[in-house]
Amino acid sequence: MTDGWSGADRILADVRPPVFPDRDFPITEYGATPENATAGLAHAIRACHEAGGGRVVVPPGSWHTGTIHLRSGVNLHVSDGATLLFSTDPMQYLPVVKTRYEGLEVYNYSPLIYANGCTDIAISGTGTLDGQAGWDNWWGWFHTCDEDFGQLRQQAAFGIPVTERVYGGGHHLRSSFIQPYECTNVLIEGVTIVRSPFWQVHPVLCRNVTVQDVVIDSQGPNNDGVDLESCRSVVIRGCTFDAGDDCVALKSGREADGLLVNVPTEDVLIEQCVMRVKYGAITLGSDLTGGIRNVFVRDCTIGGPSLYFGLYIKTNAIRGGFAENVYLKDLTISNLTKEVVQCNFFRGEGDTGPLTPYVRNVELRGIKVERARNALMLRGYRRSPIEDFRLIDCSFTVDAPSTVQHAALSFDNVSVNGRPITDVHQLR
């Protein structure tokens, strides 16, 4: 069998961070003040773009701002000691923009930092991006969004055009913190992200994306660290995740919209990251309708007192989709409160819809697990079993037996609680 890890070399050869002209545009020269930097940031970004690109520099200090819209050729550089404090007033994120909310196409409040259709953009520096979210503003919408989301799901199911799915003012669908939408050559590097309203780094329909040396420290509701939706050629490297939900989540649209847009997430390398909180360290789904393929994870440190899963693949017959060619190796997992791997076709609505998901070619190699509740919880469908799931050179210390239903496993030098495992029945 050809070593699947050659795909990681291909991704590294393909992904190149953008390069910017050696020109700086300090926001203070464009009218930004600490009390109100919104207009100054916009003017500096426009000037930088019109000059052919460069760095828009946020100097040390605290700078209050509303939404920031990047343009092609712009590197938003948040200097060491600088903090961008984003308004919690929803009106600062209007007019609405085209975005995605939990896998569905919609016009909604702008993300805090947004770019649409841009080439060569970056957010860099060692400063801080502070969304200032709390339960008295954005996070409180967690309890009031169900009606809006239900309506949006109905609109998608009935094929209502996206231009007629307009939310924003008066509604309660939270926006992502950073979202490049349909962009090419994207770099997010070095910054610290705190108090995010919702998903934190959320590229949609992007190609050639690098996220490196970013610190994610926001544990509000649904505060996923990095969500890749329908993206191709992505490297996530050297990041630290203390997230309020999944650390890295790969997605590809949901239900009717996922079938209509039909763009997978593919060719993703995740390496040298630390993942401590909260749900899945690496999650595929549950917005999986467009499919996910060619995912490589290596040299990461995973685990904490409240981290659930190492690898979490979640879908059902409502979402459908596929996950294939998923490779994990040389991971150190200290503590998980649930399974090392959960791949569950019965999550949520279960086998109650018209779609049949499939998962195949998943390999774990060189994985050392110091403690977890279970090694595996694999539940495929009888008509669509999980195929070619391989464990190689792995050791697990666990509290309880695994669950395996409709899944084809193979073992090579695998132990559970010090006992060699050669057959799936020994896991139970």
Side-chain angles (χ1 to χ4, degrees), residues 67 69 90-112 114-117 138-183 197-199 202-206 221-224 227-231 245-246 249-265 284-292 314-322 347-357:
T67 187
H69 285 197
M91 296 301 104
Q92 293 292 312
Y93 303 95
L94 296 175
V96 295
V97 299
K98 189 176 183 181
T99 181
R100 278 190 186 179
Y101 183 85
E102 294 206 12
L104 301 178
E105 309 289 307
V106 65
Y107 280 83
N108 192 27
Y109 295 106
S110 172
L112 278 57
Y114 180 70
N116 188 316
W138 298 116
W139 294 350
W141 291 14
F142 173 75
H143 301 294
T144 58
C145 67
D146 287 352
E147 182 177 350
D148 286 332
F149 186 47
Q151 177 177 301
L152 178 60
R153 287 186 71 184
Q154 285 191 333
Q155 290 175 320
F158 286 107
I160 302 300
V162 179
T163 53
E164 297 179 24
R165 306 180 203 172
V166 180
Y167 288 76
H171 297 277
H172 294 92
L173 300 181
R174 289 173 288 161
S175 281
S176 306
F177 202 137
I178 299 171
Q179 185 183 97
Y181 186 99
E182 290 189 330
C183 294
F198 190 54
W199 295 355
H202 181 202
V204 178
L205 293 163
C206 292
N222 310 116
N223 275 189
D224 293 4
D227 291 86
L228 303 176
E229 278 209 83
S230 302
C231 292
D245 208 301
D246 297 321
L250 279 58
K251 302 173 180 288
S252 58
R254 178 176 180 148
E255 301 161 0
D257 275 6
L259 292 171
L260 181 65
V261 178
N262 195 29
V263 176
T265 285
L284 281 60
S286 58
D287 306 331
L288 190 64
T289 307
I292 296 169
K314 47 184 178 176
T315 185
N316 55 40
I318 299 291
R319 311 289 175 89
F322 65 85
R347 183 184 181 275
E349 299 93 341
D351 193 6
T352 61
L355 305 177
T356 299

* Please report the shortest heavy-atom distance between Phe142 and Arg174, naming the atom on each side. => CD1-NH2, 3.8 Å
* Asked: Would you call Asp246 and Lys314 a salt bridge, using N to O less than 4.0 angstrom?
  -> yes
* To do: Determine the minimum heavy-atom distance between Leu104 and Arg254, stating which atoms define it.
  => CD2-O, 3.7 Å
* Check for a donor-acceptor pair, side chain of Asp224 on one end and backbone N or O of Asp245 on the other, with a separation under 3.5 Å. => no
* Heavy-atom closest pair, residues Glu349 and Ile318 -> CB-CG1, 3.6 Å
* May I ask you to test the His202-Pro111 pair for a side-chain heavy-atom distance under 4.5 Å? => no
* Asked: Are Glu229 and Leu205 side-chain neighbours, meaning at least one heavy-atom pair lies under 4.5 Å?
  -> no
* Structure fact -> Rounded to the nearest 0.5 Å, the OG1 atom of Thr289 sits from the CG atom of Leu259 at a distance of 6.0 Å
* Asked: Picking from Lys98, Glu182, Arg100, Glu105, what satisfies side-chain contact (heavy atoms from CB on, under 4.5 Å) with Val204?
  -> Arg100
* Thr67 and Val97: side-chain contact (heavy atoms from CB on, under 4.5 Å), yes or no, with the steps? -> CA-CA 11 Å; Thr67 187; Val97 299; over 6 Å; no
* Atom OG in Ser175, atom CH2 in Trp138: separation rounded to 0.5 Å? -> 6.5 Å
* Going through the checks in order, is the side-chain contact (heavy atoms from CB on, under 4.5 Å) test met by Trp199 and Gln179? -> CA-CA 9 Å; Trp199 295 355; Gln179 185 183 97; over 6 Å; no
* **Residue pair Asp148 / His172: nearest heavy atoms and the distance that separates them** => OD2-N, 2.7 Å
* Just how far is it from atom CG of Asn223 to atom CZ of Phe177, taken to the nearest 0.5 Å? -> 10.0 Å
* Structure fact -> Closest non-hydrogen contact found for Ala156 with Asp257 is CB-OD1, 3.7 Å
* To do: For the residue pair Arg319 and Leu355, establish whether any side-chain heavy-atom pair is separated by less than 4.5 Å.
  => no
* Asked: Asn108 side chain to Gly168 main-chain N or O, any donor-acceptor pair under 3.5 Å?
  -> yes
* To do: Show the numbers, then the answer: is there a side-chain contact (heavy atoms from CB on, under 4.5 Å) between Leu173 and Leu152?
  => CA-CA 10 Å; Leu173 300 181; Leu152 178 60; 4.2 Å; yes
* Which heavy atom of Asp287 sits nearest a heavy atom of Gly103, and at what distance? -> OD2-N, 3.7 Å
* To do: Evaluate the side-chain proximity of Tyr109 to Val96: yes if any heavy-atom separation is below 4.5 Å, no if none is.
  => no
* Judged by atom type as modelled, is there a donor-acceptor pair below 3.5 Å linking the side chain of Thr315 to the main-chain atoms of Gly320? -> yes
* To do: Kindly write out the residues that satisfy ring pair (Phe, Tyr, Trp, His ring centres under 6.0 Å) with Tyr101, not counting sequence neighbours, or none if the list is empty.
  => Phe149, Phe198
* Nearest-0.5 Å distance that lies between atom CG in Leu228 and atom CG in Leu284 -> 10.0 Å
* When rounded to the nearest 0.5 angstrom, what is the spacing between SG in Cys231 and CG in Leu250? -> 8.5 Å
